[in-house]
Every structure is written in C-alpha cells, then in structure tokens.
Amino acid sequence: NKEENRKLFNDLYIENSPAIEEQGKYPVIFISMKGVKSKSFEECLEDVRNIIYNIFNKFAYIREKLNPVEQNIFDNSWMMKGNVSQLKFSLKNLSEFLNKYYDQQVIVLIDEYDAPLITAYEYNFYDEAVVFFKEFYGSVLKTNLNLKMGVMTGIVRVAQAGIFSDLNNLKVNTILDEQYSEYF
C-alpha cells in the first residue's frame, strides 16, 4: 500500500526529504506483545502462537513462492501446529520468506517486547519465559541477513531485561533523553 500510505506524509517535513524514498520499500513485520499477560508459561506460549498465527495469516499470499519444505514450515506456524522450537524461530522464518518473496530485506517492529516478561516475573515463570524470548527475539534480530532494521519498544530498557546479552549495535532512546522526549 505504498501509494495509499504515502498520503499520510502529505504536508509534513518528511514528504520533501530524502527519507521519503524509503517509505513503502521494505516488507514490515509488526508484532505487539501487549496482550501477552498470561498466568502460566503454557498460556504465554498459546498467546504467542495466536499472535504468530495472525501475522502469518496476513502474509498467506507469499506461500506461492515458497518451496514445499518452506511451505511446511510456514504452515506449522500459520496453523499453530509447530512445537516450541519452531515457535521460537517463527519470526526469523517469516523474515526469510518475505525476503524471498519481495527480494528485499525486512523491517521488524516489536511493540511492548517486555510485556510477557513482566507478567512472567509477576506469576513466577520468568526463568522459562526468558529462555524462550531470548531465542524468539534474538533469532530475528541477531545475525539475520534478511533484516534491514529492527525496532523494539517497551518500558524496561533492553540492557536491563537481561535477554539480549549477545545482541549488539543497539541504540536505546528513552523519554529521559532530552532530544527525544517530545517524540515519546
């Protein structure tokens, strides 16, 4: 929807800047973890499976360019049949499939990445959750050649969450940074 979405920038500074050439250029995976507020690790995994189902459902049309093995991987996530290991790599797999379909790297936007971890801490399954989410987020954001850029939002600073000890090249922006505060 590049042309339709371009209207959103009418009469704004960005409309006449070089950055506008990037608009609509890359496939985008948007995932919000806001609703993952489960009372057990098993419920948490089911909530994540539902989120992944909805994301894969939006991209069902890309199956046409996938080989049979890739279609099987896609379908396991889409049909919520995959095991926990497959769920951990679902976003990374989707980024690979989108790159193959569009021949373009992917942008990944993860909103409220820390919501499931905060809830896991509250309901005493943090240790299980942190192992899962370290791989779930890390697989798509670290050493992923299909990734153009990733953006995560949350209330817990990424470094303090302790799940990204091996993730590098991070830029942390907070409302405490004067130059950004007006944007938050």
Side-chain angles (χ1 to χ4, degrees), residues 1-9 12 14 19-38 44-66 70 73-80 82 86-119 129 132-158 161 163-164 167 169-175 180 183-184:
N1 300 327
K2 179 179 179 174
E3 295 308 316
E4 181 181 324
N5 290 336
R6 191 157 195 147
K7 296 174 192 171
L8 298 171
F9 304 102
L12 299 175
I14 196 169
I20 197 69
E21 295 308 314
E22 298 291 302
Q23 185 266 326
K25 185 175 178 181
Y26 305 98
V28 176
I29 298 172
F30 171 74
I31 180 169
S32 175
M33 303 305 287
K34 177 177 141 182
V36 182
K37 300 192 182 208
S38 314
C44 177
L45 292 177
E46 284 307 307
D47 288 348
V48 174
R49 275 191 183 91
N50 280 316
I51 289 169
I52 293 301
Y53 156 76
N54 283 309
I55 293 168
F56 274 70
N57 196 46
K58 289 178 187 173
F59 293 112
Y61 61 89
I62 69 172
R63 288 183 77 256
E64 69 187 47
K65 282 198 176 177
L66 303 180
E70 292 167 331
I73 292 168
F74 186 99
D75 290 347
N76 278 336
S77 293
W78 188 23
M79 311 272 181
M80 299 190 292
Q86 292 167 322
L87 185 60
K88 286 180 186 177
F89 294 96
S90 56
L91 289 178
K92 182 178 190 298
N93 291 335
L94 183 57
S95 72
E96 290 175 18
F97 302 153
L98 286 168
N99 189 338
K100 182 176 185 174
Y101 186 87
Y102 287 103
D103 195 27
Q104 194 67 261
Q105 286 181 307
V106 176
I107 293 174
V108 176
L109 307 173
I110 302 172
D111 191 28
E112 296 195 41
Y113 84 92
D114 52 354
L117 295 168
I118 293 167
T119 303
F132 172 80
F133 285 104
K134 185 173 194 170
E135 196 67 50
F136 182 70
Y137 296 140
S139 67
V140 73
L141 297 173
K142 173 127 176 112
T143 65
N144 181 356
L145 300 177
N146 304 291
L147 183 68
K148 173 71 175 172
M149 176 181 67
V151 175
M152 296 184 344
T153 67
I155 60 170
V156 177
R157 288 187 76 161
V158 174
I163 62 173
F164 299 117
L167 199 61
N169 298 325
L170 293 175
K171 292 181 184 176
V172 177
N173 300 313
T174 76
I175 58 172
Y180 299 112
Y183 302 108
F184 288 94

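Numbers here simply count residues along the sequence, with the first being 1. What you see is a predicted model, and the numbers here were worked out from it, not measured in a lab.
Rounding to the nearest 0.5 Å places CG of L91 at 12.5 Å from CG of N146. One distance of note links CG of L109 with CD1 of I29; it measures 9.5 Å at 0.5 Å rounding. Here I52 contributes atom CD1 and L94 contributes atom CG; the two are 7.5 Å apart, rounded to the nearest 0.5 Å. One finds the CZ atom of F97 at 6.5 Å from the CZ atom of F56 (value rounded to the nearest 0.5 Å). For the atom pair CE (M149) and CD1 (I107), the distance works out to 4.5 Å, reported to the nearest 0.5 Å. The distance from atom OG of S90 to atom CG of N76, rounded to the nearest 0.5 Å, is 11.0 Å.
Ring geometry for F74 versus W78: interplanar angle over 60°, hence perpendicular rather than tilted (30 to 60°).
Nearest heavy-atom pair across S38 and T119 is O-CG2, 3.0 Å. Residues G82 and Q86 approach most closely at CA-OE1, 2.8 Å, considering heavy atoms. Scanning all heavy atoms of the two residues, the minimum distance from I62 to L66 falls at O-CG, 3.6 Å. Contact between V36 and C44 at its shortest, heavy atoms only, is CG1-SG, 3.8 Å.
Using a distance-only test at 3.5 Å, with no hydrogens or angles considered, a donor-acceptor pair links the side chain of D114 to the main chain of I155. Judged by distance alone, with hydrogens and angles left aside, the side-chain atoms of S139 form a donor-acceptor pair with the main-chain N or O of K88 at under 3.5 Å. Judged by distance alone, the side chain of Q105 and the main-chain N or O of L145 form a donor-acceptor pair under 3.5 Å.
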* Asked: Does the salt bridge (Lys or Arg N to Asp or Glu O under 4.0 Å) test come out yes or no for E3 and R6, once each step is laid out?
  -> CA-CA 5 Å; E3 295 308 316; R6 191 157 195 147; 5.0 Å; no
* Asked: Going through the distances and angles, do I31 and F136 end up as a side-chain contact (heavy atoms from CB on, under 4.5 Å)?
  -> CA-CA 12 Å; I31 180 169; F136 182 70; 4.0 Å; yes
* Apply salt bridge (Lys or Arg N to Asp or Glu O under 4.0 Å) to K100 and E70, showing your working. => CA-CA 11 Å; K100 182 176 185 174; E70 292 167 331; 2.6 Å; yes
* For E96 and K92, run salt bridge (Lys or Arg N to Asp or Glu O under 4.0 Å): C-alpha distance rounded to whole Å, both residues' side-chain angles, the deciding distance at 0.1 Å, then the answer. => CA-CA 6 Å; E96 290 175 18; K92 182 178 190 298; 2.7 Å; yes
* Verify side-chain contact (heavy atoms from CB on, under 4.5 Å) between Y113 and T153, making sure each step is shown before the conclusion. => CA-CA 6 Å; Y113 84 92; T153 67; over 6 Å; no
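Between Y53 and S77, the closest side-chain pair of non-hydrogen atoms is not below 4.5 Å. With contacts defined as side-chain heavy-atom distances shorter than 4.5 Å, the pair D111/M33 does not qualify. Side-chain contact between F132 and V48: present, with at least one pair of heavy atoms (C-beta onward) separated by less than 4.5 Å. Counting heavy atoms from C-beta outward, L141 and I110 have side chains that approach closer than 4.5 Å. E135 has its side chain within reach of F89: a pair of non-hydrogen atoms, C-beta onward, lies under 4.5 Å apart. Residues Y26 and L98 have side chains not in contact (no heavy-atom distance under 4.5 Å, counting atoms from C-beta outward). You'll find the side chain of N5 reaches within 4.5 Å of the side chain of Q23, heavy atoms only. Residues M80 and L87 form no side-chain contact, since every pair of their non-hydrogen atoms from C-beta on lies 4.5 Å or further apart.
The 12-atom threshold is not exceeded at CG of D103, counting heavy atoms of other residues, nucleotides or ligands nearer than 6.0 Å. By the 6.0 Å contact criterion, CG on L8 is enclosed, its count of non-hydrogen atoms from other residues, nucleotides or ligands being greater than 12. For K37, the NZ atom counts as loosely surrounded, since its 6.0 Å shell holds 12 or fewer non-hydrogen atoms of other residues, nucleotides or ligands. More than 12 heavy atoms of other residues, nucleotides or ligands lie within 6.0 Å of NZ in K2, so this atom counts as buried by the packing criterion.
Checked by atom type, the side-chain pair S95/N144 shows a donor-acceptor distance below 3.5 Å.
A cation-pi geometry, defined here as NZ or CZ lying under 6.0 Å from the six-membered ring centre and within 45° of its normal, holds between K65 and Y101.
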